[in-house]
Amino acid sequence: KQEVTQIPAALSVPEGENLVLNCSFTDSAIYNLQWFRQDPGKGLTSLLLIQSSQREQTSGRLNASLDKSSGRSTLYIAASQPGDSATYLCAVFSGSARQLTFGSGTQLTVLP
Amino acid sequence: ETGVTQTPRHLVMGMTNKKSLKCEQHLGHNAMYWYKQSAKKPLELMFVYNFKEQTENNSVPSRFSPECPNSSHLFLHLHTLQPEDSALYLCASSQDSYTEAFFGQGTRLTVV
């Protein structure tokens, strides 16, 4: 059974810091991994999708990496801003589960 | 505008009521999903539809009844719910079951 873990559960940083969010998964036979952002009480916004054959994807200040063999992904946020405050969710699509399996998320607060 | 629209955004219903949640996607996708998000828990997949056919039902109680009349619309019919069914219900769509998923803003359901 695929399990996805995100560490830390919560993170508070001052504005301007670079930061890394972690995601690990137990079944390395994945098709892809997706990072989402969720604001309180709102839906999920897709940030980055990494296919299993890729090592990383970049969008603006965001960079996501994937190490499938070790079952890990990181989301790097450069020069954090208060507007980045949200919960960040990692999800993997694996053949065994045949569905997206989500982590519990990392709640990020960027202090002005 | 995410391309996936959910209505209503908020719903309060009694345990004896019958109500429906609606989801519409304008992305030309073939797969649509219902997820449940409860406080402090990972997203739980409820139902999956591919080309209007239900392909997954993750042991969801029969008081939740999905309907997919066409590939652009998805409904979740609710009846005789329990207070523990109070949650954020999210709809999503993707081109295929293993491609990038896009979410709606969710319906915040409160059962009283």
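Order of the sequence lines sets the chain letters (A, B, ...), proteins ahead of strands, with each chain counted from 1.
Proximity to chain A involves both the backbone and the side chain of B:A101, based on heavy atoms less than 4.5 angstrom apart. Residue contact with chain B, scored on non-hydrogen atoms closer than 4.5 Å, involves the side chain of A:F93 exclusively.
Note: the hydrophobic cluster containing B:L109 also contains B:M15 (ILVMFWY, side chain heavy atoms under 4.5 Å, direct or indirect links). Two different hydrophobic clusters hold B:F103 and B:L11 under the rule that ILVMFWY side chains link at heavy-atom gaps under 4.5 Å. Linking Ile, Leu, Val, Met, Phe, Trp and Tyr whenever their side-chain heavy atoms come within less than 4.5 Å leaves B:F75 and B:V4 in two separate clusters. Hydrophobic clustering, with ILVMFWY side chains joined whenever heavy atoms are under 4.5 angstrom apart, keeps B:L88 apart from B:V111. Linking ILVMFWY side-chain heavy atoms closer than 4.5 Å, directly or via other members, places A:V110 and A:L89 in two distinct hydrophobic clusters.
Connectivity analysis of hydrophobic side chains (ILVMFWY, heavy atoms under 4.5 Å, direct or indirect) links B:V12 to B:V112.
Ranked by heavy-atom pairs shorter than 4.5 Å toward chain A, the options B:L90, B:V48, B:L45 are led by B:L45.
Among residues at least two apart or in separate chains, there is no disulfide bond (SG atoms under 2.5 Å apart) pair with a member in residues 33-70 of chain A.
Residues satisfying the side-chain contact (heavy atoms from CB on, under 4.5 Å) test with B:E84, not counting sequence neighbours, are B:Q82.
In this structure, CG on A:L100 lies 9.5 Å from CG on B:L43, to the nearest 0.5 angstrom.
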Between chain B and chain A, which N/O donor-acceptor pairs sit under 3.5 Å?
| unit_1 | atom_1 | unit_2 | atom_2 | d |
| --- | --- | --- | --- | --- |
| B:Q37 | OE1 | A:Q38 | NE2 | 2.7 |
| B:Q37 | NE2 | A:Q38 | OE1 | 2.9 |
| B:E56 | OE2 | A:R98 | NH1 | 3.3 |
| B:E56 | OE2 | A:R98 | NH2 | 3.2 |
| B:N58 | ND2 | A:Q99 | OE1 | 3.3 |
| B:Y98 | O | A:N32 | ND2 | 2.4 |
| B:E100 | OE2 | A:S46 | OG | 2.6 |
| B:A101 | N | A:Q34 | OE1 | 3.2 |
| B:A101 | O | A:Q34 | NE2 | 3.0 |
| B:Q105 | O | A:G43 | N | 3.3 |

